[in-house]
Structure formats: C-alpha cells, structure tokens
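I have placed the structure first, in the form of structure tokens, so that the comments after it can refer back to it.
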Amino acid sequence: MNIFGVYQKLFKVYGPQGWWPILVLEQGIKYSIPYRSLSKYRASFRDPYFEIAVGAILTQSTAWKNVAIAINNLYNAKVLTPNKISRIKTARLQTLIRPAGYYKQKAKKLKIFSDWLVKNYNGDITRLKRCKASEIREKLLTLWGIGPETADSIILYALNKPLFVIDEYTRRLCKKYSVEFKEYDGYREFFEKKLPKNNKIFQEYHALIVASGKDKHTKI
DNA sequence: TACCAGGTCCTCG
DNA sequence: CGAGGACATGGT
C-alpha cells in the first residue's frame, strides 16, 4: 500500500478540506481559515487556537454539526478563551455546550483543560508551542478527558506541530489495505514514518480520511 | 424510528 | 490487560 498515493487519490476526489474549521465572526459559521491567519481573530472574548482545542474535545464521538452549534453558543456568550471558561459557572457551561452531547462530562473536560492552561501557561494555549510535540502530548494525556486522538488533534491543528491523528475512520481505511495494529501509536507511527514530516500534509490527510469515511459511496 | 457521530473513562473479571 | 458499559444530543 502506497500511503502517499492514497493521500493523493483522496485529495483528487475530495479536494482540500482546510481543517481545522473555525468560527468566523463577520460571516457566521465558515470553514477553511488558513492557520497563518488565525492570529488576527484573537481577542479578549475569543481565541481561535483555543477554539480548535475546544472543538477537539467537544467532537469526541459526536457529529461536527452538533459541535458547531455548541461552539457558536460559546462564541455568542463571549467565553471562548481559557480564562473565561475557567471562570464560568459549570451549570452555565453545560447549558451552552449541551447540543454537543455528553454535556456534563464535556463541561468537566473543558474546565479541567482551561484551568490547567490558566495555571501553567497564563491562559495562553500557544505557549505550549515552546515544548516538543512529544512532551506536549505527555502532558495533555495526564489531563482527565484528553485521550490520544484529542491530544494529537490539539497538537496538530491548534499548535501546528506534525503528529498524525488516528481515528476510527483511519483504522477502517487501513483495514481495507490489510494494515492493522493493536495500539493507537502503532497506527500513528505507521503514518508518521511513511509520510513526509509536513504539518500541512498531516492536517489535510486526516481531514480527507474523515471526508471519505463519511462518504458512503467512497471508492478509496 | 432506530442508528450513529472526527472518544474517553470506569468497572469488572 | 480487555471487554463491556456509560455518557447525550441532533441529523438522517
């Protein structure tokens, strides 16, 4: 199985996905904001880098459409920053993210993650970039509610560091080509070893796998 | 109307 | 360990 060939094929069929989708203020919900332009959307009431991490937590076993509603609620309430989430009452946070499902658990997860950012990184998620990806990963995995897929999504999409994200769609795709591992890291290292170590490709590839995974008529 | 979605944690053997 | 269950809403 030529893994880069599969990527090119996916790209040809589904086109650039432009992940991670970000809520853009002026025009309501919009997707495909280039990573380099995220910084100009930073404000006291919302942080797009943090928003990506929030989305990664909220989308755990949940359709993105529901997550988008929850993120929109957080945006309208002007609480899309670590400091605001850390201060907000749990009951109110639960109400805002309710459309994303598992809302009690996820409110707790967002609280724990935000408290941790406030305590250790002055409420600025981009300060994590100073560490190596592997170190960030270890730290994130110690937090309750953040498992390997969520940690890797945060590192790849919110911090723009090259770690390959594995999800159920990725495992299914691999299985089609008779590639199987027992552990999450088996899959991750398989992709990381065989692909050029390039953030953009990792970001696009995972998004394309999800796009084809959702497509019932996928031929890849 | 069932089934399922861009997982993670907990419990029990 | 590893299997099985809990967590929850909205779309198709």
Side-chain angles (χ1 to χ4, degrees), chain A residues 6-7 10-11 14-23 29 31-33 35 48-74 90-114 116 137-160 163-176 180-188 191 199 201-218 220:
Chain A
V6 172
Y7 168 72
L10 284 167
F11 192 89
Y14 296 100
Q17 302 296 305
W19 273 26
W20 190 276
I22 282 292
L23 181 66
I29 294 176
Y31 304 97
S32 307
I33 303 302
Y35 186 85
Y49 301 102
F50 177 66
E51 178 180 327
I52 293 171
V54 168
I57 290 171
L58 291 182
T59 199
Q60 290 172 357
S61 195
T62 298
W64 182 258
K65 274 191 177 172
N66 293 359
V67 177
I69 299 169
I71 289 183
N72 194 43
N73 289 346
L74 295 171
T90 299
R92 175 153 163 68
L93 181 57
Q94 287 179 351
T95 305
L96 291 170
I97 67 169
R98 189 174 175 140
Y102 307 129
Y103 62 92
K104 290 181 186 172
Q105 289 202 347
K106 284 175 178 173
K108 184 177 168 190
K109 293 175 184 182
L110 291 179
K111 277 283 187 186
I112 289 171
F113 179 57
S114 301
W116 179 76
R137 190 171 201 268
E138 273 183 47
K139 292 177 201 284
L140 288 174
L141 288 177
T142 66
L143 299 177
W144 185 88
I146 298 188
E149 184 180 341
T150 308
D152 291 350
S153 295
I154 291 172
I155 294 165
L156 178 63
Y157 292 106
L159 305 177
N160 199 28
L163 270 182
F164 202 88
V165 179
I166 305 301
D167 66 350
E168 197 48 41
Y169 292 133
T170 312
R171 295 188 183 89
R172 271 182 234 165
L173 175 70
C174 286
K175 193 165 185 178
K176 283 191 194 174
E180 289 187 80
F181 300 94
K182 224 169 84 186
E183 307 287 334
Y184 178 98
D185 285 337
Y187 287 94
R188 185 169 60 81
F191 279 88
N199 311 11
I201 292 177
F202 283 16
Q203 289 169 347
E204 199 58 55
Y205 203 157
H206 173 65
L208 285 165
I209 289 173
V210 174
S212 75
K214 287 179 180 169
D215 178 5
K216 284 178 187 158
H217 312 294
T218 184
I220 299 164

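Proteins get letters first, then strands, A, B, ... in listed order; numbering begins at 1 in each.
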Original post:
Could you walk me through whether A:F191 and A:H206 pass the side chain to side chain contact (heavy atoms under 4.5 Å, CB included) check?
Top reply: CA-CA 10 Å; A:F191 279 88; A:H206 173 65; over 6 Å; no
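In this structure, CD1 of A:I112 is placed 20 Å from P of B:dG7, rounded to the nearest angstrom. For the pair A:D167 CG and B:dA5 C1', the interatomic distance rounds to 11 Å; values are reported in whole Å. Distance NZ (A:K109) to P (B:dT8): 7 Å, rounded to an integer number of Å. Distance CD1 (A:I57) to P (B:dA5): 21 Å, rounded to an integer number of Å. Distance A:E168 CD to B:dC3 C1': 16 Å, rounded to the nearest Å.
Evaluation of the side-chain contact (heavy atoms from CB on, under 4.5 Å) rule for A:A211 yields A:Y14, A:Q17 as partners, not counting sequence neighbours. By the side-chain contact (heavy atoms from CB on, under 4.5 Å) test, A:K139 is found to be paired with A:W116, A:Y121, A:C131, residues two or more places apart in sequence or in another chain being considered. Scanning for salt bridge (charged side-chain N to carboxylate O under 4.0 Å, His left out) contacts around A:E168 gives A:R171, with sequence neighbours left out.
For the P atom pair drawn from C:dG5 and B:dC3, the interatomic distance equals 15 Å after rounding to whole Å. Across the P atoms, B:dC10 and C:dA8 are found 14 Å apart, a figure rounded to whole Å.
With C:dG11, B:dT8, B:dA5 as the candidates, the nucleotide lying closest to the side chain of A:K65 is C:dG11.
At a cut-off of 3.5 Å, with distance as the only test, no side-chain donor of A:T150 or A:K109 sits close to an acceptor on the other residue. Counted by atom type alone, A:D215 and A:S212 present zero donor-acceptor pairs between their side chains at under 3.5 Å.
Contact between A:A107 and A:Q94 at its shortest, heavy atoms only, is CB-CG, 3.6 Å. Of all the heavy atoms in A:W144 and A:Q105, the pair that sits closest is CZ3-O, 3.9 Å.
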Donor-acceptor list for residues 151-160 of chain A side chains, cut-off 3.5 Å, not counting sequence neighbours:
| from | atom 1 | to | atom 2 | distance (Å) |
| --- | --- | --- | --- | --- |
| A:D152 | OD1 | A:R137 | NE | 2.7 |
| A:D152 | OD2 | A:R137 | NH2 | 3.2 |
| A:D152 | OD2 | A:Y184 | OH | 2.7 |
| A:S153 | OG | A:E149 | O | 2.9 |
| A:Y157 | OH | A:Q203 | O | 2.7 |
| A:N160 | OD1 | A:N199 | ND2 | 3.3 |
| A:N160 | OD1 | A:Q203 | NE2 | 3.0 |

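Listed in residue order, the members of residues 140-155 of chain A having a heavy atom less than 4.0 Å from DNA chain B are A:L143, A:W144, A:G145, A:I146, A:G147, A:P148, A:E149, A:T150.
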Original post:
What string of B, S and - do you get for nucleotides 4-10 of chain C 5' to 3' if you count protein non-hydrogen atoms under 4.0 Å?
Top reply: ---BBBS
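Toward the 5′ end of DNA chain B lies the nearest nucleotide of A:K214, the other residue of the pair A:K214 and A:K108 mapping further downstream.
Here A:R171 lies out of heavy-atom contact (under 4.0 Å) with every strand.
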